[in-house]
Amino acid sequence: MPTLDVIEVKAGAQDLIGVADAASVGTVTAKQLENRPLLRPAEVLETVPGLIVTQHAGDGKANQYFLRGFNLDHGTDFSVAIDGMPINLPTHAHGHGYLDLNFLIPELVERIQYKKGPYAAEDGDFSSAGSARIDYRRALPEDYVSIGLGSNGYRRLLTAADKETAGGGRWLGAVEVFHNDGPWEVPEHYKRLNGVLRYSEGTRNNGHSVAFMAYDGDWTSTDQLARRAVDQGLVNRYGSLDPTAGGNTRRLSLSGQWARQDGAVQTRANAYLVDYRLNLFSNFTYAMDDPVNGDQFEQADRRRYGGFGWSRSQPVQWLGKEGDFTWGVQGRQDDIDNVGLYRTAARQRLSTVRSDSVNQGSLGLYGQWGAQWTDWLRSVAGLRHDRYRFKVDSSLAANSGKENDGITSPKLSLIFGPFANQEFYYNWGQGFHSNDARGTTIRVDPSNPGDPMSRVPALVKSRGQEMGWRSAPAPGWNTSVALWRLDLDSELLFVGDAGTTEAGRPSHRQGVEWSNYWTPRDWLTLDADIALSKARFRDDSSVGNHVPGAVERTASVGVAVHDLGPWRGGLRLRYLGPRALIENNSVRSGSSVMVNLNVGYKLAAKSQLTLEVLNLFNRKASDIDYYYESRLRGEAAAKTWDVHSHPAEPRIWRLTYTQGF
């Protein structure tokens, strides 16, 4: 029999005292996900305290993420990796750092390790706000098949199995078939075909694995609606102003991991290769730019990317102190055959705004040394250096070019304690995010080549600080508090909808987070998280200093019951507070409160029924609000400023039968 990793079912403050380097790091286990109601796969990231996942268009598109005073759009400044394979896509057709987790199968997640802020030397691009590393299972408790039915055409089939080989290895395979129409007046017809095949030997710390993943998605999208269109009765809140919006995407990947434990020396390596495609059709301004054909546009992305990582940790004596030294290297190459923007009508191309091929490579080197100075003082000091190379071949020769850049990021963490099951932390660090390669070489506006455009820096520095406290004040109760701040040199953004770079301003964010995890009984878990933040531009401007869309308040409260006789389940409340939608704060979004329910009943030793009720109290709320100009067909005004919203889905139910083997 192969040796399998032990899955720790608790992940609270007491488990991390003496181990963690910050109050805002944590580990989420499969046990914690088991009873969590989920509308979308990416909502597994809502286990990260303070992080909110929503959607502003069709469900086949990458989600919208909120964390630490950021509207992270589709992922910028929060990095995610699955089994060591980075998921964020740079220089993407729709948004830089695009984070599409629709191929994730939540039942296969074994653990999620998260960190916030730019304090870890192993975290590079897209991780100024934080990072999450998701590990899939190497083995299953049992083989099974599950069949799900629900509201609005929801259908899901998932089957997963593993098998031990004669040589001590293990094969694991899973296939998911999914369909959903949603509550939309124009049915979404979201079809998802998803598969994983993995071979592994040994454990995560002393073994290896190879995984192949395949995902194909196709959908019709109901994008955000202008408020005036709903108020005037032109369309209901679940209606569409362009029934041909939507998209299709495909993702194929091959990845491998290797680890060896030799006494106190831990060596790890990983490599990956991904083939990715997206065709996305959107219409956010309706008929403002083209009153005849409408404003629909297509964003196309065709790429292959691959990379590797290697690290080693070992005891090293320095300055008279024994400590742990970790160093590593990470490399990545994105070969983008085409990242294009086209004007379309009913998904038919009318003209090309810009079409580019991009070659983008990066190499990062890092090291960190952790030492125990006294019984009550530890430190972790790190240093990271990244080099980037960009080459853009554009349909407009003026926008072609090459660019190179590098950046060095020092880090420092001080850990005081433990003192009677308490620890205190101070973290300081510099990080960065890259900008879209096309913005580093742009000279003219693709829509109006006579208009000059300014280039942007390839890499933008961030600086963060955090003070934290972690405690286990009573058996089973774990709590932590973090006071943090983060400064960005600029909020430059490549606007995929226009093919241009939008000028940004330096910003400052600060906030406080309080997280709690309590297991008063073996069968009962309670958790509660509150996050408050403030985001402002640092320079003075007559337009105002609020960062539009920046999250200000979030909260999450959950109750989970584990194996109470034949019963199990979870009840969760999620709060997303109001936000400024314009720099002078004169227009604000509403808030939303969602309650979701999950109840499971074991019919027999290997079979169970699970009922999910999402938006239990049928709240009318928005998943997202924006404030910008648009024009409805037939409107006299060329453009009108308005709030544009995408509604949260009304109450829906899903029933799943699972049979084990």
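For this chain, numbers begin at 1 and follow the sequence in order.
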### Task
Applying salt bridge (charged side-chain N to carboxylate O under 4.0 Å, His left out), run through Asp162 and Arg170 and close with a yes or a no.
CA-CA 7 Å; Asp162 69 358; Arg170 185 174 290 269; 3.1 Å; yes
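- Between Phe325 and Trp327, the ring centre distance stays below 6.0 Å.
- Within a 6.0 Å sphere centred on CH2 of Trp518, other residues, nucleotides and ligands contribute 12 heavy atoms or fewer.
- In the displayed structure, Lys461 atom NZ is contacted under 6.0 Å by more than 12 heavy atoms of other residues, nucleotides or ligands.
- Nearest heavy-atom pair, Gln32 versus Thr27, reported as atom, atom and distance to 0.1 Å: OE1-O, 3.8 Å.
- You'll find the side chain of Leu45 reaches within 4.5 Å of the side chain of Val80, heavy atoms only.
- Under the 3.5 Å distance criterion, the side-chain polar atoms of Arg36 are left unmatched by any main-chain donor or acceptor of Ala560.
- Proximity of Ser471 to Trp477: side-chain heavy atoms (C-beta onward) are nowhere separated by under 4.5 Å.
- Side-chain N or O atoms of Thr203 include one that pairs as donor or acceptor with a backbone N or O of Asn206 at under 3.5 Å.
- The side-chain heavy atoms of Val547 and Phe70, taken from C-beta on, include no pair separated by under 4.5 Å.
- With His74 contributing its side chain and Asn63 its backbone, the two residues share a donor-acceptor pair below 3.5 Å.
- The shortest distance between side-chain heavy atoms of Asn270 and Met85 does not fall below 4.5 Å.
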### Task
I would like to know whether Arg572 and Asp527 meet salt bridge (charged side-chain N to carboxylate O under 4.0 Å, His left out); could you show each step before the answer?
CA-CA 9 Å; Arg572 300 206 63 82; Asp527 65 85; 2.9 Å; yes
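- Side-chain contact between Arg312 and Trp310: present, with at least one pair of heavy atoms (C-beta onward) separated by less than 4.5 Å.
- Residues Arg389 and Asn359 have side chains that bring a donor and an acceptor to within less than 3.5 angstrom of each other.
- Using a distance-only test at 3.5 Å, with no hydrogens or angles considered, a donor-acceptor pair links the side chain of Arg384 to the main chain of Ala121.
- Using modelled atom types, one finds no donor on one side chain facing an acceptor on the other under 3.5 Å when comparing Ser79 with Asn88.
- The aromatic rings of Phe103 and Tyr215 are tilted relative to each other, their planes meeting at an angle between 30° and 60°.
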### Task
Using the side chain to side chain donor-acceptor pair (under 3.5 Å) rule, take Ser200 and Ser209 through it: C-alpha gap first, then chi angles, then the decisive distance, then the call.
CA-CA 4 Å; Ser200 63; Ser209 70; over 6 Å; no
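- Panel note: side chain Glu34, backbone Thr29; no donor-acceptor pair is recorded below 3.5 Å.
- Taking the charged nitrogens against the carboxylate oxygens, Arg260 and Asp262 have no contact shorter than 4.0 Å, which rules out a salt bridge.
- Counting heavy atoms from C-beta on, the side chains of Tyr426 and Gln465 come closer than 4.5 Å.
- Smallest separation of non-hydrogen atoms from Met213 and Ile82: CE-CG2, 4.2 Å.
- Evaluated for a salt bridge (Lys or Arg N to Asp or Glu O under 4.0 Å) with Glu466, the options Lys116, Lys115, Arg68 yield exactly one hit, Arg68.
- Side-chain atoms of Tyr98 come within 3.5 Å of backbone N or O of Ala62 as a donor-acceptor pair.
- The main-chain N or O of Arg536 is never found under 3.5 Å from a side-chain atom of His546 such that the two would form a donor-acceptor pair.
- No donor-acceptor pair under 3.5 Å is formed between the side chain of Asp529 and the backbone N or O of Gly50.
- Rounded to the nearest 0.5 angstrom, Asp489 CG and Leu459 CG are separated by 11.5 Å.
- In this structure, the side chain of Arg138 does not engage the main chain of Leu172 through any donor-acceptor pair within 3.5 Å.
- Contact detail for Gln333 and Gly361: the closest heavy-atom pair is OE1-CA, 3.5 Å.
- For the pair Phe66 and Gly549, the tightest heavy-atom approach, listed with the atom from each and the gap, is CE2-O, 3.7 Å.
- Residues Arg505 and Asp539 are paired through a salt bridge, judged by an N-O separation under 4.0 Å between the basic side chain and the carboxylate.
- The distance from the CG atom of Asp77 to the OG atom of Ser127 is 8.5 Å, given to the nearest 0.5 Å.
- Using modelled atom types, one side-chain atom of Lys321 and one backbone atom of Trp373 make a donor-acceptor pair closer than 3.5 Å.
- From Leu89, atom CG reaches atom CG of Asp100 across 8.0 Å, with rounding to the nearest 0.5 Å.
- Note that CG of Leu273 is 9.0 Å distant from OG of Ser253, once rounded to the nearest 0.5 Å.
- Between Leu383 and Pro410, the closest heavy-atom pair is CD1-CA, 3.8 Å.
- Judged by distance alone, the side chains of Arg268 and Asn205 do bring a donor and an acceptor atom under 3.5 Å apart.
- Counted by atom type alone, Tyr425 and Glu423 present one or more donor-acceptor pairs between their side chains at under 3.5 Å.
- No side-chain heavy atom of Pro118 sits less than 4.5 Å from a side-chain heavy atom of Asp123.
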### Ser313 vs Asp324, side chain to side chain donor-acceptor pair (under 3.5 Å): CA-CA, chis, key distance, verdict
CA-CA 7 Å; Ser313 300; Asp324 294 316; over 6 Å; no
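- Asp335 has no carboxylate O lying under 4.0 Å from a charged side-chain N of Arg304, or vice versa, which leaves the two without a salt bridge.
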#### Entry: Working for side chain to side chain donor-acceptor pair (under 3.5 Å), residues His562 and Asp522
CA-CA 8 Å; His562 310 278; Asp522 290 342; over 6 Å; no
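- Checked for salt-bridge contact, Asp21 and Arg378 meet the test: a charged N lies under 4.0 Å from a carboxylate O.
- Atom CG of Leu412 sits about 7.0 Å away from atom OG of Ser379, to the nearest 0.5 Å.
- A 4.5 Å side-chain heavy-atom check between Tyr136 and Leu104 finds at least one atom pair inside the cut-off.
- With salt bridges taken as basic N to acidic carboxylate O contacts below 4.0 Å, one links Arg198 and Asp83.
- Atom CZ of Phe78 sits about 6.5 Å away from atom OG of Ser131, to the nearest 0.5 Å.
- At least one test fails for Arg553 against the ring of Tyr575: distance under 6.0 Å to the centre or angle within 45° of the axis.
- Here the closest non-hydrogen pair linking Ala535 and Arg509 is CB-CG, 3.6 Å.
- Partner of Gln360 under the side-chain hydrogen bond (donor to acceptor under 3.5 Å, both in side chains) criterion, out of Thr440, Asp334, Thr91: Thr91 alone.
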